[in-house]
Protein chains: 2
Amino acid sequence: MLANQGSTAKIVRPTTLRESVLERILELIIIGSLKPGQHLVENELADNLGVSRQPVREALQLLSGEGWVDLRPGHGAYVHSPTVEEADQLLAVRTLLEAESARLAARNPDKTDISDLRDICNRGLAACVADDVDAAVAANSELHTAVVNMSGNRVLADLTSQVARRVRWYHTPVARHRGRASWEEHAALIDAIEAGDEDVAADIMRRHTEHTRQSYLESRAQHPVEEPPAPIRRRRPRTVSG
Amino acid sequence: MLANQGSTAKIVRPTTLRESVLERILELIIIGSLKPGQHLVENELADNLGVSRQPVREALQLLSGEGWVDLRPGHGAYVHSPTVEEADQLLAVRTLLEAESARLAARNPDKTDISDLRDICNRGLAACVADDVDAAVAANSELHTAVVNMSGNRVLADLTSQVARRVRWYHTPVARHRGRASWEEHAALIDAIEAGDEDVAADIMRRHTEHTRQSYLESRAQHPVEEPPAPIRRRRPRTVSG
DNA sequence: AGAATGTATGCTGTAGGCAGTCGACGACAA
DNA sequence: TTGTCGTCGACTGCCTACAGCATACATTCT
């Protein structure tokens with residue numbers, strides 16, 4: 001249910017095998033079936049997906065371009081696993097990009113867009129009080145996506161999406177769901193955008209994403225992810241699908 | 001810290017054919033042998049480079065991930081050709097990123113780095129008064145790269161590099177060589193970084209890159225590049241009757 | 001016993017080829 | 001002329017197969 005649409009708008013018709021394989025692998029990565037640092041053996045993926053190695057290889061190359069997997073010549077593809085430092089830097093850049101998005105959105109606000117934002121915000125708040133974490137996370141993602149789209153700068157939107165993806169939020173689900181405070185910030189942001197006050201909007205967004213960054217870092221510090229730095233290949237049990 | 005180039009930092013040993021093919025194609029794109037919008041036929045490249053189609057295909061997939069070529073399923077690869085609008089948005093984002101780089105660089109300036117910056121700046125100014133455009137362009141690129149590296153944020157550096165590449169400056173060589181004024185701005189920037197005045201540094205960089213952006217747009221407006229927009233479907237022109 | 005070396009095995013990188021598909025071009029009908 | 005259909009050529013997408021390499025294991029030497 002994630003709005004992972006916005007990035008690669010190039011693909012219109014996923015008719016080719018390569019594209020469908022890409023989506024399948026991406027799905028496995030997102031839901032965690034393929035874990036960070038895991039070695040992606042082409043043959044296994046090909047067998048499990050019922051295709052040859054070629055489409056798998058090409059899908060992996062494309063995924064590497066989007067930062068989902070790391071390619072090591074002669075060794076194969078590994079699910080990208082951001083270090084704490086990289087995640088920190090990614091979130092810093094995200095703060096920068098999203099603050100600019102908010103500024104541009106406030107520069108020429110659109111009534112329809114504002115209305116959409118309020119709808120999303122209400123849904124998110126409702127999900128929050130209902131303790132529906134999944135819905136709250138979805139609404140949060142939706143709202144941020146809507147704001148960057150309002151900026152009118154497609155490059156900015158694509159880059160923001162790319163950066164956000166590379167963080168791999170599943171390390172810390174709590175970081176994306178900081179409770180009511182987050183939605184109050186969202187509401188204030190929408191007000192600022194509607195009022196056309198770009199400085200205020202940018203500042204609110206900056207502090208908002210900065211809060212998220214802090215939450216992420218704290219959460220990751222508390223739950224020290226077993227860093228899989230293992231660059232070498234490791235034998236694993238047979239099956240992959242799950 | 002590895003002083004690795006931001007672009008293709010992943011490749012450590014270009015031992016594989018795929019990597020060398022990638023570099024060859026990239027070279028051809030950069031020097032303009034392969035023009036923007038041009039259709040890259042796999043067989044031709046394979047024959048010219050003396051390899052099979054497979055390494056060529058994979059190299060093209062990797063190049064698409066870095067924004068050098070566009071992949072259209074069922075049609076092949078085309079050299080990326082940014083529209084005026086896209087270039088404008090790219091340069092806007094670049095302004096944002098580089099201003100932040102300057103801010104971070106000024107936050108904790110390093111004596112050695114400052115010295116390097118001044119050397120580059122002197123070389124650039126010398127090249128400028130000697131009317132050596134190539135050298136001036138090179139020094140300019142070198143200086144901006146040095147500043148983003150001083151930010152200490154590798155993600156920021158990589159993204160900046162990626163965004164800058166996608167502009168395809170060769171549309172307008174003049175845009176990268178605005179004369180002495182540009183180098184005076186550079187000098188002021190270095191002063192601000194050395195003084196640790198991050199607000200001033202960010203502001204100088206922002207206005208500097210904004211000037212570049214304006215120059216680019218004006219230059220491109222004066223020299224209307226024959227847009228090779230025809231992505232597909234060159235249908236016969238319809239004669240409007242009535 | 002520890003270290004060095006030979007061997008085995010799995011995986012990647014590359015080649016070649018076949019089929020499907022898209023677009024161009026020409027013929028034909030309105 | 002203009003629109004439509006069928007054919008052709010070219011190119012991509014995909015598969016199979018082989019070669020090369022890297023890692024892990026077994027063996028031998030010191």
Side-chain angles (χ1 to χ4, degrees), chain A residues 10-25 34 37-64 69-79 228-240, chain B residues 10-25 34 37-64 69-79 228-242:
Chain A
K10 306 169 189 173
I11 292 86
V12 185
R13 305 184 304 177
T15 60
T16 71
L17 259 186
R18 175 181 67 200
E19 299 299 337
S20 61
V21 166
L22 188 150
E23 292 180 7
R24 296 283 303 275
I25 296 177
L34 301 174
Q38 178 172 342
H39 182 208
L40 302 178
V41 179
E42 298 171 359
N43 256 329
E44 292 184 8
L45 289 173
D47 291 345
N48 289 341
L49 298 178
V51 297
S52 173
R53 271 180 56 209
Q54 214 59 35
V56 173
R57 272 182 76 82
E58 300 190 355
L60 290 176
Q61 320 243 2
L62 294 180
L63 285 172
S64 83
V69 305
D70 298 325
L71 246 46
R72 300 196 312 144
H75 293 262
Y78 296 79
V79 179
I232 54 178
R233 74 176 73 179
R234 43 183 173 167
R235 289 173 176 267
R236 296 178 303 95
R238 295 287 299 166
T239 56
V240 169
Chain B
K10 301 169 188 174
I11 291 86
V12 185
R13 306 184 305 176
T15 60
T16 69
L17 257 185
R18 174 183 66 200
E19 301 300 337
S20 62
V21 166
L22 188 150
E23 292 180 6
R24 296 283 304 273
I25 296 177
L34 301 175
Q38 179 172 343
H39 180 34
L40 301 179
V41 179
E42 298 171 0
N43 257 330
E44 290 183 9
L45 290 173
D47 291 344
N48 288 341
L49 299 177
V51 297
S52 172
R53 271 180 56 212
Q54 212 58 36
V56 173
R57 272 183 75 81
E58 301 191 355
L60 290 175
Q61 320 248 2
L62 294 180
L63 285 172
S64 82
V69 305
D70 298 325
L71 244 47
R72 297 195 305 140
H75 293 263
Y78 297 77
V79 179
I232 49 175
R233 304 191 186 283
R234 293 183 232 164
R235 293 247 162 153
R236 297 186 186 87
R238 296 198 172 201
T239 56
V240 180
S241 60

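So you know, we letter chains A, B, ... as the sequences are listed, proteins then strands, and number each from 1.
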A.B. asks: Considering all heavy atoms of both residues, which atom of A:E19 and which atom of A:T16 are nearest to each other, and what is their separation?
C.D. replies: CG-OG1, 3.0 Å
A.B. asks: Within the distance-only criterion (no hydrogens, no angle test), does the side chain of A:H75 pair as donor or acceptor with the backbone N or O of A:H39 below 3.5 angstrom?
C.D. replies: no
A.B. asks: Which whole-number value in Å describes the distance from A:E19 CD to C:dT21 P?
C.D. replies: 16 Å
A.B. asks: Between the protein and nucleotides 15-18 of chain D, list every N/O to N/O distance that falls short of 3.5 Å.
C.D. replies:
residue	atom	partner	partner atom	Å
D:dC15	OP2	A:S52	N	3.1

A.B. asks: With nearest nucleotide decided by heavy atoms, which residue, A:A77 or B:G74, maps closer to the 5′ end of DNA chain C?
C.D. replies: A:A77
A.B. asks: Could you tell me the separation between the CZ atom of B:R72 and the P atom of C:dT21, rounded to a whole number of Å?
C.D. replies: 18 Å
A.B. asks: Between A:R57 and C:dG13, is there a side-chain N or O to OP1/OP2 distance below 4.0 Å?
C.D. replies: yes
A.B. asks: What nucleotide, of C:dC11, D:dG13, C:dT12, holds the atom closest to the side chain of B:E42?
C.D. replies: D:dG13
A.B. asks: Taking atom C1' of D:dC14 as reference, at what distance in whole Å does atom CD of B:Q61 sit?
C.D. replies: 12 Å
A.B. asks: Take the protein atom CD of B:Q38 and the nucleotide atom P of D:dC11, then report the distance between them rounded to whole Å.
C.D. replies: 13 Å
A.B. asks: Indicate every side-chain donor-acceptor pair of residues 52-63 of chain B with a distance under 3.5 Å to a residue at least two apart or in another chain.
C.D. replies:
residue	atom	partner	partner atom	Å
B:R53	NE	B:E42	OE1	3.0
B:R53	NH2	B:E42	OE1	2.9
B:R57	NE	A:E58	OE2	2.8
B:R57	NH1	B:E42	OE2	2.9
B:R57	NH2	A:E58	OE1	3.0
B:R57	NH2	A:E58	OE2	3.1
B:E58	OE1	A:R57	NH2	2.9
B:E58	OE1	A:Q61	NE2	3.1
B:E58	OE1	B:R18	NH1	3.3
B:E58	OE2	A:R57	NE	2.7
B:E58	OE2	A:R57	NH2	3.2
B:Q61	NE2	A:E58	OE1	3.1

A.B. asks: Distance check: side-chain N/O of B:H75 vs OP1/OP2 of D:dC11, anything under 4.0 Å?
C.D. replies: no
A.B. asks: To the nearest angstrom, how far is A:L71 atom CG from C:dT12 atom P?
C.D. replies: 10 Å
A.B. asks: What is the distance from OH of A:Y78 to P of D:dA22, rounded to the nearest Å?
C.D. replies: 13 Å
A.B. asks: Rounding to a whole Å, what distance do you find between B:L49:CG and C:dA15:P?
C.D. replies: 11 Å
A.B. asks: Give a yes/no answer on whether the side chain of A:H39 brings an N or O atom under 4.0 Å of OP1 or OP2 in C:dT12.
C.D. replies: yes
A.B. asks: Measuring only between side-chain heavy atoms, which start at C-beta, is A:L49 closer than 4.5 Å to A:I25?
C.D. replies: yes
A.B. asks: Mind calculating the distance between CG (A:L22) and P (D:dC14) to the nearest angstrom?
C.D. replies: 12 Å
A.B. asks: For B:L40, report the nucleic acid contact type (base, sugar-phosphate, nothing); a contact means any heavy atom under 4.0 Å.
C.D. replies: sugar-phosphate
